[in-house]
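Report on the structure given below.
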Amino acid sequence: MTAEARTDPVTDLLADPLADGWRRPRGPRSAYRVDAWVALALAGGTALSISLSLGTGLMGDAPWWQVAIWVALIALPLAVRRRWPEAVALLVSLVFAVFASIGVSDGLFSSICLYVAIYSVGAWSHHRTIARWTRLGIIAGMFIWLFWSLLETANQATVIPELSRDGFFSPYAAYGLLQVLLNLVYFWAAYYFGGAAWLAARRSAALEARTRELATERERTAAQAVSLERVRIARELHDVVAHHVSLMGVQAGAARRILDRDPAAATRAITVIEESARTAVDELHTMLGALRADDADCDGDQPAHQSTSTRGVDQLAELAQENTDAGLAVRLQVIGDPRPVPGTIGLSLYRIAQEALTNTRKHAGSGATAELRLRYEPDAVELEVTDTGRGIRPAVGSPAAQSAPGGLGQQGMRERVAAVGGSLELANRPRGGYLVRARVPLAGPPSAAEEPIPRPAAEEPQTVRAAE
């Protein structure tokens, strides 16, 4: 059976300090030993106190066995007050009242035992409603017994004869009122401090639980950050390596085939390889520098964990020319009035175009051409990459697409677009070829101060046409 299968929702609820049914843990075994020693100490103190009280002659002459029973019943049950607090409190209060009625009481340690018993109900009971009514019932019973005793002895001149009963507010009435006030303070303290101990334990347990949750969340967040950083690094490496290495591979193959019959063309292919290798090394150096730098070492407001690449929509023309030099005819169209594009959005669009053209070289076949369209809208920027290849690629999201060589590239495109809040469309074109369309919303239309200078109509749309 797994750990998940053994999980009990009821147990989890009772263990949650913020849940209504929370139960205070009983504590370790050592706590029970402490309770036993406290009970024995109170029993010894009670025995000594009653012995001294009997020695003064003020408590009458009670038989020793009766005193021994009283000491055992009023003190020793406190050893299990943590496990059965309600039963212990009822037993101690009953013994206190019954034996006091027959003249067996010391007036000191017995009151301490009763206080500890009532306090323990508030501090340790697992049933808060029962605990409340148990304490209120004991306190009400004690006050009824107190009032009955005061009324019963009010007309007995032999009981506390030094207190006169004459007058509306006689000395005996003052004595009775003092007893009521003392018992009010006594029982209020037992009730209040017992409940306060339970609340303090609950707050402490809640603090410990939240501390554990924060530690777990911190570990989970750190693991997620590491995972996200690994994905980002893998995506950047894939974009750089896949594009430039595939470009160098194509050019190296072409140079090898034409080296003997067309040295000039082979030289141009080798030049493209050199430029691609230099560009790839520069981008890798930039990436490694960002990874090694701390946030405080970065210039500007961009933290080190974000990409510091200088690639963006302004470099799409270079990308088109680079692929054209590599043998894939690429045309770039810029539609609309260019406007500033945030660096993260520009880098994402550049990488998507780079990956799309890399996939075109891999899958479109010989003789295919590609077209880049960068469209500026009032509230968004859209990049569209199409090719005229005849190969049909697997449907997006299908198992074949996931296992295809371009599967990671398409996944990277989706991650990049999602990171900047855009949308991505990947589809086979009905008449052959492939379509990649990424649309990313911008903050809003440019203000009057940011409006670009109008260009002559002859310059729209801006076009970089591939060399045929």
Side-chain angles (χ1 to χ4, degrees), residues 7-43 45-46 70-100 108-146 182-212:
T7 301
D8 186 357
V10 177
T11 302
D12 293 342
L13 178 64
L14 299 180
D16 184 3
L18 298 181
D20 293 336
W22 178 75
R23 294 180 178 180
R24 182 180 180 182
R26 298 299 190 189
R29 291 185 176 273
S30 58
Y32 290 96
R33 290 194 292 269
V34 171
D35 290 345
W37 284 110
V38 169
L40 289 176
L42 288 176
T46 304
W70 176 75
V71 169
L73 292 179
I74 204 168
L76 294 182
L78 296 176
V80 293
R81 64 188 178 90
R82 192 183 301 255
R83 185 180 295 274
W84 298 294
E86 296 90 354
V88 170
L90 291 173
L91 175 61
V92 171
S93 60
L94 184 62
V95 170
F96 182 94
V98 170
F99 279 81
L108 177 60
F109 277 89
S110 59
S111 298
I112 295 175
C113 292
L114 180 60
Y115 179 94
V116 172
I118 298 175
Y119 167 91
S120 299
V121 176
W124 293 105
S125 177
H126 281 176
H127 310 282
R128 304 313 299 171
T129 302
I130 296 177
R132 182 186 304 112
W133 288 108
T134 298
R135 288 177 291 169
L136 291 176
I138 292 174
I139 293 172
M142 287 295 175
F143 271 99
I144 293 174
W145 174 64
L146 174 63
L182 290 175
N183 279 274
L184 281 174
V185 174
Y186 172 86
F187 287 113
W188 172 85
Y191 188 100
Y192 174 79
F193 288 109
W198 185 86
L199 289 175
R202 185 177 187 179
R203 285 193 293 268
S204 178
L207 180 60
E208 293 178 0
R210 296 302 170 261
T211 301
R212 290 192 299 269

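Keep in mind the model is a prediction, meaning the values are calculated, not measured.
No donor-acceptor distance shorter than 3.5 angstrom exists from the side chain of Arg128 to the backbone of Trp22, with no hydrogens or angles considered. At least one donor-acceptor pair under 3.5 Å links the side chain of Arg135 to the backbone N or O of Ala131. Judged by distance alone, the side chain of Tyr186 and the main-chain N or O of Tyr115 form a donor-acceptor pair under 3.5 Å. Looking at Thr211, its side chain does come within 3.5 Å of a backbone N or O of Leu207 through a donor-acceptor pair.
Side-chain contact between Ile139 and Trp188 is absent, with no heavy-atom pair separated by less than 4.5 Å. In this structure, the side chains of Val88 and Val80 come closer than 4.5 Å at one or more pairs of heavy atoms. Contact annotation: the side chain of Thr46 approaches that of Cys113 to within less than 4.5 Å [non-hydrogen atoms, C-beta and beyond]. Residues Pro77 and Trp84 have side chains not in contact (no heavy-atom distance under 4.5 Å, counting atoms from C-beta outward). The closest side-chain heavy-atom distance from Phe99 to Ile74 is not below 4.5 Å. The closest side-chain heavy-atom distance from Leu90 to Ile138 is below 4.5 Å. Residues Val92 and Leu73 are not in side-chain contact: their nearest non-hydrogen atoms beyond the backbone lie 4.5 Å or more apart.
Of the inter-residue distances, the one linking Leu199 atom CG with Arg24 atom CZ reads 10.0 Å to the nearest 0.5 angstrom. Between the CZ atom in Arg82 and the OG atom in Ser125 there is a gap of 13.5 Å [rounded to 0.5 Å]. Distance CG/Asp35 to CZ/Arg83: 10.5 Å, rounded to 0.5 Å. Atom CG of Leu146 and atom CG of Leu182 lie 10.0 Å apart (nearest 0.5 Å).
Pro85 approaches Val121 most closely through the heavy-atom pair O-CG2, 3.3 Å. Across every non-hydrogen atom of Leu76 and Ala43, the tightest pair is CD2-CB, 4.0 Å. Counting all heavy atoms, side chain and backbone alike, Ser110 lies closest to Trp70 at CB-CZ2, 3.5 Å.
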Task: Derivation of the side-chain contact (heavy atoms from CB on, under 4.5 Å) call for Val116 and Arg81 - done: CA-CA 9 Å; Val116 172; Arg81 64 188 178 90; 3.9 Å; yes

- [ ] Apply side-chain contact (heavy atoms from CB on, under 4.5 Å) to the pair His126 and Glu86, showing each step before the final yes or no.
- [x] CA-CA 10 Å; His126 281 176; Glu86 296 90 354; over 6 Å; no

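Both the sub-6.0 Å distance and the 45° axial angle are not jointly satisfied by Arg26 relative to the ring of Trp124.
Counted within 6.0 Å of OH on Tyr192, heavy atoms from surrounding residues, nucleotides or ligands total 12 or fewer; the atom is thus considered open.
Remark: of the listed residues Phe143, Tyr119, Phe193, Phe143 is the sole one forming a ring-ring contact (aromatic ring centres under 6.0 Å, His included) with Phe187.
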